[in-house]
Amino acid sequence: MDRLVVVGGVAAGLSAASAAKRLKKEEMNAVVFERSGYISYGACSEPYFVSGLVPQPEDLIEVTPEEFERKRSIPIHRRHEVVEIDYKNGYVVVEDLGGHRTFREPFDYLMIATGATGKTLGVDGEELTGVYTLRTVEDAIAIRDSARHAGNVVICGGGYIGLEMAEAFVSMGKHVTILKKTSQMLLNFDPEMSALVEEEVRSKGVEIHTDTDVLSFEGSGRVEKVVTNHGEVKSETVLVAKGALPNTALGKQIGVEIGATGAIAVNKRQQTNLDRVYSGGDCAEAYHIISRKPAYIPLGTTANKAGRVAGENIGGLNTEFPGIVGTAVSKIFDLEVARTGLSLKEAEREGFDAYATTIRHRSRSKHYPGGYLITVHFITETGIRRLLGAQMIGREGVAHRIDVMAAALQAGMTAEDVYHLDLGYAPPFAPAWDPILIAANKARKG
Ligand SMILES: Cc1cc2nc3c(=O)[nH]c(=O)nc-3n(C[C@H](O)[C@H](O)[C@H](O)COP(=O)(O)OP(=O)(O)OC[C@H]3O[C@@H](n4cnc5c(N)ncnc54)[C@H](O)[C@@H]3O)c2cc1C
């Protein structure tokens with residue numbers, strides 16, 4: 001009987017436990033330890049829980065602990081933190097956060113699926129009540145409860161989580177201010193594309209202060225204002241949304257290799273440098289198919305796939321995760337905002353000689369009522385005209401179109417290849433020349 005210990009009970013950890021157990025059945029004893037009070041939660045839906053669209057915390061749960069235990073025979077220990085790993089002797093030290101006791105759990109295989117933590121600013125007053133980062137269900141509950149009693153909410157950071165949360169707070173009737181250190185929101189988009197999003201967010205009444213440094217949070221016990229290099233902003237609730245920091249401390253403790261991105265280095269079988277120690281999800285790197293390098297792009301789809309591949313290998317198969325192209329889609333107020341591959345800046349940083357082209361075209365045939373303009377932005381490699389990235393923004397028809405481009409990038413297509421794609425057409429869904437084909441036509445001409 002093999003013993004698998006999984007640290008972290010969300011996408012990567014539970015996918016690994018389920019796959020290993022499914023393959024090895026009674027030959028595998030898999031156990032999951034999760035520090036928080038919830039497992040299998042969809043952090044992606046937390047903005048909709050805060051806004052009230054998703055009513056209960058339980059609605060965020062994909063598979064309950066009872067289902068794991070009853071249907072998959074995987075014991076789940078919530079509020080249990082793995083505080084130490086003894087790799088040589090093959091056990092982890094677990095702290096039962098409710099029972100206040102510590103015990104050892106032996107393992108033959110270890111899956112480190114500790115995810116990430118919200119980055120903080122490291123300024124005075126960050127410990128005040130009312131200042132939050134958003135990762136766990138408990139965070140989401142605390143933010144919702146705090147925002148309900150707040151008139152003014154400040155969001156520090158202009159990434160997709162900050163912007164989704166801005167929409168949530170506006171829908172709750174709050175006055176929202178976004179403080180952004182740089183001059184651009186959504187830094188993984190090219191500036192002309194993120195400008196479209198900024199315009200939309202401002203049009204919904206959100207104040208955006210760019211080039212603004214947060215110096216401290218002030219208040220007596222509870223946050224009352226944010227002090228910046230350009231003055232003070234009143235706020236009873238603050239969300240710090242500066243991105244994700246991979247939880248690597250446990251891995252580092254036993255000599256797991258950390259990659260150049262700061263996350264755990266894994267091979268395509270999700271193995272770390274240590275025998276029988278696997279990792280994946282938001283604590284680990286993933287191979288980027290376009291840059292041909294390990295990247296840190298923490299997303300739920302990647303975590304599920306990487307976890308399953310780890311579990312399959314632990315379960316005796318020989319599977320590989322081919323990697324990612326960094327596809328992400330987000331609803332920001334009335335816009336669908338999506339990207340895949342590299343932005344122009346990222347492509348240049350990776351050493352590609354590349355150019356960007358942008359078009360605007362209708363989401364539906366002009367003979368059919370409704371429809372909106374979609375802005376399509378391609379990043380193409382000079383010379384061979386291979387596509388390196390795509391970004392799209394519009395009020396409809398973006399989310400499914402970006403997937404065409406994700407597939408095209410993964411297949412290594414050129415602009416010419418994409419121009420000849422046999423895409424579906426009917427007036428309610430697209431014009432005869434789909435925006436993707438129009439964009440590819442421009443990109444293939446350079
Ligand atoms: C607000 C928000 C919106 C998002 N929206 C999207 C989206 O739309 N699309 C998308 O693809 N992705 C989205 N993501 C990202 C997605 O949620 C993550 O990529 C995914 O949850 C990663 O899963 P994971 O299992 O690797 O890590 P996590 O979800 O971080 O889970 C790791 C778990 O490990 C636990 N843990 C850590 N250390 C220990 C320890 N020592 N002992 C025991 N337990 C431990 C933590 O408590 C945590 O619950 C969003 C994230 C957030 C926060």
Side-chain angles (χ1 to χ4, degrees), residues 5-17 31-51 54 60-62 76-85 92-97 105 110-119 132-140 143 155 157 159-168 239-251 253 263-264 266 270 279-286 296-308 310 324 326-332 336-339 399:
V5 164
V6 175
V7 193
V10 192
L14 295 172
S15 300
V31 56
V32 176
F33 295 105
E34 166 55 47
R35 181 165 61 191
S36 78
Y38 295 85
I39 63 149
S40 190
Y41 54 87
C44 317
S45 294
E46 285 171 352
Y48 314 111
F49 166 74
V50 171
S51 72
V54 173
L60 295 168
I61 308 304
E62 203 68 37
I76 304 283
H77 299 276
R78 284 173 287 166
R79 297 188 193 87
H80 280 66
E81 180 170 6
V82 173
V83 290
E84 196 186 322
I85 303 170
V92 295
V93 178
V94 185
E95 195 176 325
D96 173 353
L97 301 173
E105 183 76 23
L110 183 65
M111 173 69 186
I112 302 179
T114 45
T117 306
K119 277 186 194 162
Y132 304 96
T133 56
L134 175 58
R135 287 294 305 185
T136 63
V137 178
E138 284 91 343
D139 295 335
I143 292 168
I155 299 170
Y160 80 97
I161 292 179
L163 296 178
E164 287 179 0
M165 288 298 289
E167 181 183 346
L239 174 69
V240 177
K242 302 291 292 179
L245 201 62
N247 290 329
T248 56
L250 273 183
Q253 204 186 82
I264 293 174
V266 286
Q270 299 301 134
S279 188
D282 281 14
C283 59
E285 297 181 329
Y296 184 61
I297 305 179
L299 286 171
T301 44
T302 310
N304 279 307
K305 289 178 199 144
R308 180 174 289 186
I324 56 168
T327 310
V329 58
S330 185
K331 175 184 173 299
I332 298 173
E336 294 178 20
V337 177
R339 55 153 284 150

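Whatever order the structure lists them in is the order used to number ligands and atoms, beginning at 1.
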Practice item. Check the pair Leu134, Ile143 against side chain to side chain contact (heavy atoms under 4.5 Å, CB included), reporting the backbone distance first and the verdict last. Key: CA-CA 8 Å; Leu134 175 58; Ile143 292 168; 3.9 Å; yes
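- For ligand 1, the atoms sitting less than 4.0 Å from at least one non-hydrogen atom of Gly281 are 26 (O), numbered in the order shown with element in parentheses.
- The nearest pair of heavy atoms linking Ala11 to Asn304 is CB-OD1, 3.6 Å.
- Here is the list of ligand 1 atoms found below 4.0 Å of a heavy atom in Pro298: 19 (O).
- Atom OH of Tyr132 and atom CG of Asp139 lie 9.5 Å apart (nearest 0.5 Å).
- For atom 17 (O) of ligand 1, the nearest non-hydrogen atom from the set Ala306, Ser45, Ala43 comes from Ala43.
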Exercise for review: Apply side chain to side chain contact (heavy atoms under 4.5 Å, CB included) to Tyr38 and Thr136, showing your working.
Suggested key: CA-CA 8 Å; Tyr38 295 85; Thr136 63; over 6 Å; no
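- Using a 4.0 Å cut-off between heavy atoms, Ala116 contacts ligand 1 through its backbone alone, with no side-chain atom that close.
- Checked against side-chain hydrogen bond (donor to acceptor under 3.5 Å, both in side chains), Lys331 has the following partners two or more places apart in sequence or in another chain: Glu167.
- Taking each heavy atom of Ala263 and Cys283 in turn, the nearest pair found is CB-O, 3.6 Å.
- With a 4.0 Å cut-off on non-hydrogen atoms, Thr114 touches ligand 1 through its backbone as well as its side chain.
- Taking each heavy atom of Pro47 and Met165 in turn, the nearest pair found is CA-SD, 3.6 Å.
- The line from OG1 of Thr117 to CG of Leu245 is 6.5 Å long, rounded to the nearest 0.5 Å.
- Not a single N or O atom of Pro47, backbone or side chain, sits closer than 3.5 Å to an N or O atom of ligand 1.
- Open room surrounds CD on Glu62; 12 or fewer heavy atoms of other groups in view lie less than 6.0 Å from it.
- An N or O contact shorter than 3.5 Å is missing between Glu46 and ligand 1 by distance.
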Exercise for review: Apply salt bridge (charged side-chain N to carboxylate O under 4.0 Å, His left out) to the pair Arg135 and Asp282, showing each step before the final yes or no.
Suggested key: CA-CA 11 Å; Arg135 287 294 305 185; Asp282 281 14; 2.8 Å; yes
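- Atoms of ligand 1 lying under 4.0 Å from any heavy atom of Leu299, numbered from 1 in the order shown and given with element: 10 (C), 11 (O), 12 (N), 19 (O).
- Atom 42 (N) of ligand 1 has its closest protein heavy atom at Val82 N, 3.0 Å.
- In summary, the atoms of ligand 1 found under 4.0 Å from a heavy atom of Leu134, numbered by their order in the structure, are 1 (C), 53 (C).
- Note on ligand 1: Tyr160 sits in its first shell, one or more heavy atoms being nearer than 4.0 Å.
- For atom 27 (O) of ligand 1, the nearest non-hydrogen atom of the protein is Gly115 CA, 3.2 Å.
- Comparing Asn304, Asp282, Val92 by heavy-atom distance to atom 22 (C) of ligand 1, the nearest is Asp282.
- What you find for Val137 and Glu46 is that their closest heavy atoms are N-OE2, 3.5 Å.
- If you number the atoms of ligand 1 from 1 as listed, the ones under 4.0 Å from a heavy atom of Ala303 come out as 22 (C), 23 (O), 26 (O).
- The side-chain hydrogen bond (donor to acceptor under 3.5 Å, both in side chains) check on Arg339 picks up Glu346, with sequence neighbours excluded.
- Closest to atom 21 (O) of ligand 1, if we only count protein heavy atoms, is Val10 CG1, 4.3 Å.
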**Study point:** Evaluation steps, side chain to side chain contact (heavy atoms under 4.5 Å, CB included), between Phe33 and Val31
**Key:** CA-CA 7 Å; Phe33 295 105; Val31 56; 4.0 Å; yes
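- Looking from atom 44 (N) of ligand 1 to the surrounding protein, the closest heavy atom is Arg35 N, 3.0 Å.
- The protein heavy atom nearest to atom 47 (O) of ligand 1 is Glu34 OE2, 2.7 Å.
- Residue contact check: Thr301 has heavy atoms under 4.0 Å from atoms 11 (O) of ligand 1.
- At a heavy-atom cutoff of 4.0 Å, ligand 1 is contacted by the backbone of Ala113 but not by its side chain.
- Here CD1 of Ile324 is found 9.0 Å from NZ of Lys305. Values are rounded to the nearest 0.5 Å.
- The single protein non-hydrogen atom nearest to atom 12 (N) of ligand 1 is Gly300 N, 3.0 Å, given as residue, atom name and distance.
- Set against the non-hydrogen atoms of Leu250, the atoms of ligand 1 under 4.0 Å away are 41 (N).
- The closest approach between any non-hydrogen atom of His80 and ligand 1 is below 4.0 Å.
- Residue contact annotation: Thr136 has no non-hydrogen atom under 4.0 Å from ligand 1.
- Between the CZ atom of Arg79 and the CD atom of Glu95 there is a distance of 14.0 Å, given to the nearest 0.5 Å.
- Atom 9 (N) of ligand 1 has Cys44 SG, 3.8 Å as its closest protein atom, hydrogens excluded (heavy atom only).
- Interface of Tyr41 with ligand 1, defined as ligand atoms under 4.0 Å from a residue heavy atom, comprises 48 (C), 49 (O).
- Counting only heavy atoms of the protein, atom 52 (C) of ligand 1 lies nearest to Ile161 CD1, 3.4 Å.
- Proximity of Val7 to ligand 1, defined as any heavy-atom pair under 4.0 Å, is confined to the side chain (atoms from C-beta onward).
- Using a 4.5 Å heavy-atom cutoff, the side chains of Glu81 and Val94 are not in contact.
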